[in-house]
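One structure is given below, encoded as structure tokens.
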Amino acid sequence: MTSARRDDLLAELFRAPLDPGYADAAASGKPPAKWGRWARAVVLAATGFLLAVAYHQVVAEAPSASRARADLVADVRSRQKATDDLQRRAEELRTQVDQARDDALADSDSAVRLRRLAAGAGTGKVTGDGAVVRVVDAPPKVDPVTGETDEENLGLVLDRDLQDIANGLWRSGAEAIAINGQRLTSTSTIRAAGGVILVDFKPVTSPYEVAAIGPGDLAATFEKSPTAKRFKRYVDSYRMQFSVKKRTGLVLAAAPEAPLRYARPPSPSPSRSASGGPR
């Protein structure tokens, strides 16, 4: 199409923007057919009825949904309280058992050796100097125009971040580590489930404090590690908070004792025929 023809077409569109058929109908001044008005009225009435029914159903179901949610929240809190009470009772009984053991072995070196082994395994309470690494989720970004928060927050602390910090502290010489009070052992797990970080299946939330007992230069050694340097870059890039401080007189509680596991002999293999194949 040449430039002149294209200009003529654009000019015609501006002069007569309405389709000729619509223009003729508007010029005739004839009202729409009676059946069309009735059909339009029926459609509008049906739409209004459906909207009213949907609204009443939503309003009627709201109280029951709220009650169900409240019941679930109350049940979760009740079970959590029962779990915490049982955990405290278990700690009290463990303390009594440890005291009875120490009293029975007071005249030998076995009590000291057992305490040392328990501290190394994480099943005994330990005290000492060390470091505390604190890491906090970055605040969500807020749109300055709409005021809405951005759903994607790259500054959230992940389970692998806590794994990296714990491993970095071990490499820096830590002898005992706890995350938000949860003592780590050789079989501990740090994982995410449903957006929540679990340490040995117990939830921990931001701010996260990783306390470690070790040599006097533990904080300085860890702060020079590649792990600490990477998290300092996260502070600049994602507004995550990160700090390493030397602490004295740290107290790390004992981890729950792992359940005992028993070995069993394997089941006998199926008998074989004289030819060597299975029957």
Nearest 0.5 angstrom please: [X] [atom1] to [Y] [atom2], how far?
{"X": "I165", "Y": "F231", "atom1": "CD1", "atom2": "CZ", "answer": "4.0 Å"}
{"X": "D164", "Y": "L169", "atom1": "CG", "atom2": "CG", "answer": "11.0 Å"}
{"X": "Q182", "Y": "L252", "atom1": "CD", "atom2": "CG", "answer": "12.0 Å"}
{"X": "R171", "Y": "F222", "atom1": "CZ", "atom2": "CZ", "answer": "9.0 Å"}
{"X": "D236", "Y": "R233", "atom1": "CG", "atom2": "CZ", "answer": "9.5 Å"}

From K246, K229, K232, K245, residue fulfilling salt bridge (charged side-chain N to carboxylate O under 4.0 Å, His left out) relative to E223: K232

How close do [X] and [Y] get, heavy atom to heavy atom, and via which atoms?
{"X": "F201", "Y": "R191", "value": "CE2-NH1, 4.2 Å"}
{"X": "A166", "Y": "I177", "value": "O-CD1, 3.6 Å"}
{"X": "A174", "Y": "A212", "value": "CB-CB, 3.9 Å"}
{"X": "V199", "Y": "L184", "value": "CG1-CD2, 3.8 Å"}

Is there a donor-acceptor contact under 3.5 Å from the side chain of [X] to the main chain of [Y]?
{"X": "R183", "Y": "G124", "answer": "yes"}
{"X": "S206", "Y": "D137", "answer": "yes"}
{"X": "D161", "Y": "L158", "answer": "yes"}
{"X": "D159", "Y": "L198", "answer": "no"}
{"X": "N153", "Y": "A138", "answer": "yes"}
{"X": "R239", "Y": "P139", "answer": "yes"}

message: Would you say that more than 12 heavy atoms from the other residues, nucleotides or ligands in this model lie under 6.0 Å from the CD of E152, or not?
response: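 No.
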
task: Mark yes when over 12 heavy atoms from residues, nucleotides or ligands other than R230 sit less than 6.0 Å from its CZ; otherwise mark no.
output: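 Yes, because the 6.0 Å sphere around CZ of R230 holds more than 12 heavy atoms from other groups.
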
Going only through I, L, V, M, F, W and Y residues with side-chain contacts under 4.5 Å, is there a path from [X] to [Y]?
{"X": "Y238", "Y": "V244", "value": "yes"}
{"X": "V204", "Y": "V136", "value": "no"}
{"X": "Y234", "Y": "L156", "value": "no"}
{"X": "F242", "Y": "Y208", "value": "yes"}
{"X": "V210", "Y": "V235", "value": "yes"}

task: Answer yes when D75 and R79 have at least one side-chain N-carboxylate O distance shorter than 4.0 Å, and no when they do not.
output: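 Looking at D75 and R79, the cut-off is met.
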
task: Salt-bridge test for D84 and R88: reply yes if a basic N is under 4.0 Å from a carboxylate O, no otherwise.
output: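 Answer for the salt bridge query: no.
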
message: Against I179, only a single residue in D200, V133, I190 fulfils side chain to side chain contact (heavy atoms under 4.5 Å, CB included); can you say which?
response: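 Considering D200, V133, I190, a side chain to side chain contact (heavy atoms under 4.5 Å, CB included) with I179 is found only for I190.
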
